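Comments concern the structure below.
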Amino acid sequence: GGSSIYRGARCHGEVLRLDGGAWREAGELVSPRCGLAVAADARSSSFFALGGYAGGTRYLSTAEAFDTATGKSTPIPSMGVARSGPGAAVGPDGALYVVGGSSD
């Protein structure tokens with residue numbers, strides 16, 4: 001969602017059905033971000049967008065859940081540390097894990 005600090009950058013997601021479909025728009029994130037982590041939750045129709053970089057010296061701790069069934073994104077609690085370039089996964093215990101990244 002919103003505008004990007006990068007010329008020509010897009011602030012929405014795209015989806016490709018792996019059964020032979022074509023790329024199509026999937027919906028917008030709440031916050032434009034690059035260098036983010038993404039983790040899918042196989043138990044639901046959601047994936048998570050975590051952290052990232054928003055330009056200048058603005059690194060993000062914000063996070064959101066994107067529901068692929070509705071194409072809507074909603075904020076979830078922010079991480080304790082702002083970071084760009086982290087890795088993320090939903091663990092076998094159902095918890096969302098974020099590791100690494102940097103705010104410099």
Side-chain angles (χ1 to χ4, degrees):
S3 60
S4 173
I5 58 163
Y6 301 101
R7 289 188 186 142
R10 311 239 13 219
C11 298
H12 70 271
E14 291 183 277
V15 62
L16 173 68
R17 300 244 350 144
L18 297 179
D19 59 3
W23 284 104
R24 64 175 175 81
E25 288 193 25
E28 291 190 359
L29 296 175
V30 173
S31 301
R33 56 182 84 219
C34 65
L36 67 153
V38 176
D41 184 354
R43 301 166 304 146
S44 71
S45 62
S46 295
F47 70 81
F48 303 96
L50 309 153
Y53 176 69
T57 58
R58 191 164 164 241
Y59 292 86
L60 302 173
S61 62
T62 57
E64 50 195 282
F66 183 87
D67 186 330
T68 60
T70 65
K72 303 289 183 193
S73 188
T74 56
I76 60 173
S78 293
M79 299 180 293
V81 176
R83 59 184 103 188
S84 180
V90 175
D93 59 355
L96 179 58
Y97 293 87
V98 181
V99 295
S102 174
S103 61
D104 61 1

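Computed from a prediction, not measured in an experiment: that's the story for all the values here. Here, residue 1 is the first one in the sequence, and each next residue gets the next number.
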Among the clusters formed by ILVMFWY side chains lying less than 4.5 Å apart, do Val90 and Tyr97 turn up in the same one?
-> no

Quick one: closest heavy-atom pair of Leu50 and Ala88, and the distance?
-> CD1-CB, 3.4 Å

Nearest non-hydrogen partners of Tyr53 and Ser84, listed with the distance | CB-OG, 3.8 Å

Taking side chain as C-beta onward, heavy atoms only, is Val30 less than 4.5 Å from Thr62?
-> no

Given Arg83, Met79, Arg33, the one that forms side chain to side chain contact (heavy atoms under 4.5 Å, CB included) with Leu60 | Arg33

Give a yes or no on whether Val98 and Ile76 share a hydrophobic cluster (residues Ile, Leu, Val, Met, Phe, Trp, Tyr; joining criterion: side-chain heavy atoms under 4.5 Å apart).
-> yes

Closest contact, heavy atoms only, Ala54 versus Pro32 | CB-O, 4.4 Å

Glu64 side-chain N/O to Ser73 backbone N/O, donor-acceptor pair under 3.5 Å = no

Treat each ILVMFWY residue as a node, draw an edge where side-chain heavy atoms are under 4.5 Å apart, and state whether Phe47 and Leu36 are in one component.
-> yes

Heavy-atom closest pair (Phe48 atom, Asp41 atom, distance to 0.1 Å) is CE1-CB, 3.8 Å

What's the shortest heavy-atom distance between Ala37 and Gly87, and which atoms?
-> CB-C, 4.1 Å

Atom of Gly35, atom of Pro86 and distance for their closest heavy-atom approach | O-CD, 3.7 Å

